Amino acid sequence: MPALILGATGNVGPHVVRELQVQGEHPRVMVRDADRAHALLGDDVDVHAGDMTDPAALAAAADGVDTVFLLSPHGFSMGDAQLGVIRALRRTGIRIVKLSGTSSAITPDGPHACRQHWEVERILQESGQPFVILRPNSFLQVLVERLMLPGLNATGTIMNPLGDAGISLIDARDVGAVAAATILRHDWDGQTLVLTGPRAVTYAEIADLVAARTGRPAGLAQVTPADVRASLVARGTEEWEAEHFEEMYALFRAGESAFVTDTVEQVTGRAPRTIEAFLDEVLAPAEAAS
Ligand SMILES: NC(=O)c1ccc[n+]([C@@H]2O[C@H](COP(=O)([O-])OP(=O)(O)OC[C@H]3O[C@@H](n4cnc5c(N)ncnc54)[C@H](OP(=O)(O)O)[C@@H]3O)[C@@H](O)[C@H]2O)c1
């Protein structure tokens, strides 16, 4: 039976879709922009245009599937969107594979997004609906590629709110591979899988790895989580979100995301991608162009 993938055009969703296609599946996706989905994912997907916050549209898109991959974007109402999906699927027996966040932060009083994940997880666990919960650490594609490297290009330094703490960043492709495996096999039903990269790295190590690849120095600017919040607010970020990031960085700085699990390898049979391999890929075009 096919699976319905939500968030198929974001950081993680396309990798879930591709992994399923590699396994010979023809996944269904629910997207707001069908043309964009086809351009990104190709034609070997079953595209249902619609908004996941519309319960009737969601139920129609999920008709006949075995599993829904539940992901909604970071935002003030992220948890409400996910609870709406769970409600719309109640009594269907459809299994839900839910993407959560960094495991150590998922507590009732954690940072904004993480306490929403905590609520959604609780509802799923108590609902009787079959489920798998995935708790990945921060993505290399977001923390390094989208935040750190553009900042380095613009200023010549990497802002370091983590001090000397390490963080076991994970490649979003490995999250997608685990998600696809849990969609295809029922071995992990009812479980919460904690996903990390292969080792924890400090920002100083990342700066050295980047400098070794670009041939240019990458300095570190030491800042505090409170500095990050102030800078986000100064740039117009809403208060709840600035507070969320301050609290996330405070947890990272306390070493709360330095733990390492072997879950990616256990589930997929492949070791998680390293930051070295990721930087080789991401920095290769710049190197070739210079
Ligand atoms: N960033 C990290 O390092 C990190 C780490 C661990 C966990 N997480 C968790 O990962 C989740 C976000 O995943 P992501 O980074 O892959 O998301 P993302 O890149 O922001 O993508 C969000 C996806 O959801 C779709 N979408 C948004 N609103 C929709 C709606 N109303 N109806 C249908 N589709 C809709 C978007 O599609 P369109 O906009 O194209 O319509 C897009 O495909 C969050 O729960 C976050 O807490 C993030």
Side-chain angles (χ1 to χ4, degrees), residues 4-18 27-41 45 47-62 68-85 88 96-106 110-121 124 133-148 167-176 178-179 192-197 240-241 244-245 247-249 251-252 256-257 261 263-264 275 278:
L4 174 68
I5 311 302
L6 303 180
T9 55
N11 291 309
V12 173
H15 304 304
V16 183
V17 169
R18 276 187 207 113
R28 189 183 294 175
V29 301
M30 185 184 195
V31 295
R32 292 182 292 187
D33 183 338
D35 290 341
R36 184 165 169 256
H38 276 301
L40 190 69
L41 304 169
V45 280
V47 173
H48 283 233
D51 191 308
M52 72 169 87
T53 62
D54 174 348
L58 189 277
V68 169
F69 179 65
L70 173 56
L71 173 164
S72 64
H74 176 78
F76 185 79
S77 303
M78 179 189 74
D80 293 338
Q82 297 191 8
L83 290 173
V85 170
I96 296 176
V97 174
K98 172 188 156 38
L99 187 79
S100 272
T102 304
S103 191
S104 53
I106 299 182
H112 187 94
C114 300
R115 57 185 193 262
Q116 292 186 47
H117 283 310
W118 179 85
E119 281 180 35
V120 177
E121 287 189 6
L124 257 187
I133 291 167
L134 307 179
R135 289 180 165 188
N137 266 3
S138 294
F139 308 147
L140 285 163
Q141 283 82 353
V142 175
L143 215 68
V144 174
E145 188 175 10
R146 197 164 308 151
L147 297 177
M148 198 179 278
I167 180 166
S168 48
L169 298 163
I170 186 166
D171 193 307
R173 290 171 292 188
D174 291 325
V175 180
V178 170
T192 297
L193 304 180
V194 176
L195 312 177
T196 72
W240 72 267
E241 190 164 23
H244 165 85
F245 284 111
E247 292 179 12
M248 287 304 297
Y249 281 119
L251 285 167
F252 295 158
E256 297 280 343
S257 275
T261 69
T263 313
V264 170
I275 188 167
F278 179 77

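When reading the values below, keep in mind they use all heavy atoms of this one structure, side chains included, and skip hydrogens, waters and symmetry mates. Because the structure is a prediction, the values reported are computed rather than measured. In listed order, ligands and their atoms are each counted from 1.
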Q) Heavy-atom distance to atom 44 (C) of ligand 1: which of S72, C114, G101 wins? A) S72
Q) Can you tell me how far the CE atom of M52 sits from the CG atom of L4, to the nearest 0.5 Å? A) 9.5 Å
Q | Nitrogen or oxygen of F139 less than 3.5 angstrom from that of ligand 1 | A | yes
(Q) Just to be sure I'm reading this right: ignoring hydrogens, which of M30, H117, H74, Q82 gets closest to atom 47 (O) of ligand 1? Compare them by their nearest heavy atoms. (A) H117
Q. Going by distance only, is there an N or O of D33 that falls short of 3.5 Å from an N or O of ligand 1?
A. no
(Q) Under 4.0 Å, counting heavy atoms only: does A113 come that close to any atom of ligand 1? (A) no
Q) Counting only heavy atoms, which portion of S100 has something under 4.0 Å from ligand 1: side chain, backbone, both, or neither? A) backbone
Q) Counting heavy atoms only, which part of A81 comes closer than 4.0 Å to ligand 1: side chain, backbone, both or neither? A) neither
(Q) Heavy-atom pairs closer than 4.0 Å: do any link ligand 1 to the side chain of N137, the backbone, both, or neither? (A) backbone
Q: May I ask whether L99 places a heavy atom under 4.0 Å from ligand 1?
A: yes
Q: Consider ligand 1: state whether an atom of it lies below 4.0 angstrom from any non-hydrogen atom of D51.
A: yes
Q. N/O of M78 under 3.5 Å from N/O of ligand 1, yes or no?
A. no
